[in-house]
Structures are given as C-alpha cells and as structure tokens.
Amino acid sequence: MAATTTFVGKVLIILSDANQFALKKPDGSLSHEDTGVFLTELAKPLGQILDAGYEVVFASPTGKTPSVDPLSESLLVYFGKWWEKRKDQELLRRTDIEVGFRSPRPFSSISDEELRSFDGVFIPGGHAPISDLGDNPELGRILCHFHNEHKATAVICHGPYALLSTKFAPNSAGFAYKGYKLTSWSDAEEKLVEKMKGGEVPSKVETTLREEGAEMLTGMGKKMGGITVDREVVSGANPMAANALGTKFVEMLKAH
C-alpha cells in the first residue's frame with residue numbers, strides 16, 4: 001500500500017486565466033501583450049510552502065491552463081543565474097505532476113464549506129491579474145472568506161490587484177482591504193514597462209488600490225525587496241520580494 005502524505009495544512013494559490021494584457025498605444029489603439037504568472041514570484045513562495053508541509057490547491061476563474069509570463073523566464077530577471085531559473089522551472093514541472101499546476105480548479109467549484117479547510121491564500125504576480133481577477137465575483141467571495149476569518153493572505157507585484165474583487169463579491173460591503181497598508185508593483189515601475197513596450201497600461205495597481213482606500217507603501221526599500229505586513233496580509237512589490245514574502249507567509253500560516 002502506498003504511503004499517505006500527511007500535511008500540516010492547506011493553501012489556496014490563485015492564478016489568472018489570462019495570457020495577455022491590454023496596452024494602449026499612442027494612436028489610441030490597443031495591443032495585447034503576452035503575459036501570465038511571473039515564474040519566480042510563484043516558485044519561490046511555492047517552494048517554501050511545500051517545504052513547510054502544506055498541501056496546495058491551484059484555482060483560477062474558469063480552470064484554464066495557466067501561462068507563464070515570457071519575460072519572467074528571461075535570464076535578466078535572474079541576474080544571469082541560470083541554475084536559479086532551472087530550479088524554479090523544475091519546481092513547476094514537479095508541482096504539475098504531483099498537484100496539477102496546469103489544471104487549476106475553477107473558482108466556482110470551491111464551496112464556502114471547502115474554504116474553511118484552507119489556512120491561507122497566495123496570489124502571485126505577472127501582468128495577468130489585471131486582466132481578469134480584479135472584478136471577479138467568485139474570487140471576491142473567496143477572498144472575503146480569508147479576510148473575514150483573518151487567515152494569512154500573501155500577494156505580490158500585480159497580485160494585489162486581485163484584492164479589488166472583494167468589491168464584487170455577493171452582498172459585498174465594499175473593498176475589504178480599505179485602510180490596509182499594502183505594497184504592489186508601483187506606478188513608477190509600470191512606467192518602465194510602458195516605455196519598453198511603447199504604450200500605456202490602463203490599469204495601474206498602485207493607483208487603483210490607493211483610490212479604493214488602501215495605504216500604498218512603494219518607496220525605494222519596497223522596490224528593493226522589502227515586504228509590508230498589515231493584519232492578515234503580507235505584500236511585496238516585485239520578484240526581489242519573493243523569498244521574504246514566502247518566509248513571512250509560512251510564518252503567518254504556522255501562527256494561525
């Protein structure tokens with residue numbers, strides 16, 4: 001008889017179905033840029049979650065196979081450390097075999113009752129979340145559970161944009177994270193992407209969250225890998241925060 005793995009708890013990992021995001025060109029037209037989940041922003045915390053003994057469940061709006069952001073597989077992102085890139089890619093391959101990374105659960109398949117079995121939720125970045133997570137009512141329902149139950153919540157880069165979905169949850173009282181200190185991919189960092197791609201990203205994570213009442217912390221220390229913790233939420237700005245975010249998230253999971 002095969003051995004049964006004993007987990008210390010369970011974590012829900014939120015993915016986007018999107019493989020593109022909109023970019024407004026100077027002539028007013030829209031282009032659609034390739035995107036997906038940012039490799040290291042998923043892999044670094046994921047490895048720490050698994051090493052700590054937690055079961056993981058992947059979920060997305062409709063359960064589509066997730067894309068990996070092409071930029072995130074560039075050696076520039078890894079500062080030339082090809083072995084780090086290979087390690088992250090191998091982790092996703094192994095996770096797909098063991099957990100089904102490429103076959104996420106549709107949000108609607110996760111009942112309110114099942115949500116009670118989760119200890120925390122993690123939302124990685126890449127530009128994909130701005131395409132389909134910010135206004136998803138089912139995701140809003142899911143995140144309201146973690147918020148109301150004060151369960152550990154980790155978001156990084158463009159992942160914090162998904163928190164806006166709480167406005168669209170059934171019987172929503174509004175944006176659940178109003179007044180929270182949060183860190184995300186900043187408007188200044190987005191301007192660098194816009195310059196590189198020759199267009200405007202219509203949905204800015206930092207600005208949109210601030211307009212909804214979040215207190216956005218995006219100074220130089222945050223851009224260099226610093227994280228922000230406020231109540232049940234830990235957040236980070238970019239890939240440099242991935243390791244610290246994963247460490248703090250696991251610490252928060254264990255404390256719950």
Side-chain angles (χ1 to χ4, degrees), residues 5 7-21 35-70 72-73 87-134 136-147 151-163 165 233-236 239 242 245-246 249-250 252-253:
T5 302
F7 297 105
V8 300
K10 187 161 66 168
V11 172
L12 183 63
I13 300 180
I14 300 296
L15 301 172
S16 167
D17 282 340
N19 57 15
Q20 293 183 325
F21 71 98
T35 188
V37 65
F38 210 85
L39 177 59
T40 192
E41 291 174 357
L42 170 61
K44 292 295 189 289
L46 173 61
Q48 290 172 283
I49 293 164
L50 293 172
D51 287 347
Y54 287 86
E55 178 185 4
V56 297
V57 174
F58 292 97
S60 73
T62 64
K64 288 184 179 179
T65 298
S67 299
V68 174
D69 190 311
S72 73
E73 296 190 287
K87 179 181 176 183
D88 287 351
Q89 290 173 323
E90 180 55 35
L91 175 62
L92 286 198
R93 280 192 288 269
R94 179 165 58 86
T95 305
D96 185 33
I97 294 168
E98 297 175 358
V99 186
F101 162 68
R102 293 176 58 81
S103 303
R105 298 263 306 275
F107 292 155
S108 60
S109 74
I110 302 175
S111 68
D112 292 344
E113 181 180 359
E114 184 179 359
L115 283 173
R116 291 197 285 270
S117 69
F118 288 94
D119 299 280
V121 61
F122 166 46
I123 311 175
H127 278 80
I130 66 176
S131 295
D132 66 351
L133 296 186
N136 187 289
E138 284 294 316
L139 179 56
R141 172 183 64 85
I142 289 168
L143 292 180
C144 280
H145 165 82
F146 288 95
H147 171 70
K151 293 181 179 180
T153 300
V155 288
I156 187 170
C157 196
H158 292 78
Y161 195 81
L163 302 178
S165 65
V233 180
V234 55
S235 54
L245 182 108
F249 182 51
V250 169
M252 292 165 71
L253 288 168

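Here the SG atom belonging to C157 is positioned 12.5 Å from the CG atom belonging to L42, to the nearest 0.5 angstrom. Note that CZ of F249 and CG of L245 are 8.0 Å apart. Values are rounded to the nearest 0.5 Å. Atom OH of Y54 sits about 12.5 Å away from atom CZ of F7, to the nearest 0.5 Å.
At most 12 non-hydrogen atoms from other residues, nucleotides or ligands lie less than 6.0 angstrom from CZ of R102. Heavy-atom neighbours of K64 NZ from other residues, nucleotides or ligands within 6.0 Å: at or below the threshold of 12.
In this structure a side-chain-to-backbone donor-acceptor pair under 3.5 Å is present from H145 to L115. Between the side chain of N19 and the backbone N or O of G36 there is no donor-acceptor pair closer than 3.5 Å. A donor-acceptor pair under 3.5 Å is formed between the side chain of S165 and the backbone N or O of A162. Looking at R141, its side chain never comes within 3.5 Å of a backbone N or O of N136 through a donor-acceptor pair. Put simply, the side chain of K10 never gets that close to the backbone of V57: no donor and acceptor are under 3.5 Å apart. Side-chain N or O atoms of S131 include one that pairs as donor or acceptor with a backbone N or O of Q20 at under 3.5 Å. Of the possible polar contacts, none joining the S109 side chain to the R105 backbone as a donor-acceptor pair under 3.5 Å is found. Distance alone, capped at 3.5 Å, places no donor-acceptor pair between the E41 side chain and the P124 backbone.
Note on ring orientation: taking the six-membered ring where Trp is involved, the planes of F101 and F58 are perpendicular (angle over 60°, cut-offs 30° and 60°).
Considering only heavy atoms from C-beta on, V155 stays 4.5 Å or farther from Y161 through its side chain. Within the 4.5 Å cutoff, side-chain heavy atoms of L92 are placed close to those of L46.
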* What do the steps show when you test V250 against D51 for side chain to side chain contact (heavy atoms under 4.5 Å, CB included), and what is the final call? -> CA-CA 10 Å; V250 169; D51 287 347; over 6 Å; no
* To do: Take L39 and D69 through the test side chain to side chain contact (heavy atoms under 4.5 Å, CB included) and record every step on the way to the result.
  => CA-CA 7 Å; L39 177 59; D69 190 311; over 6 Å; no
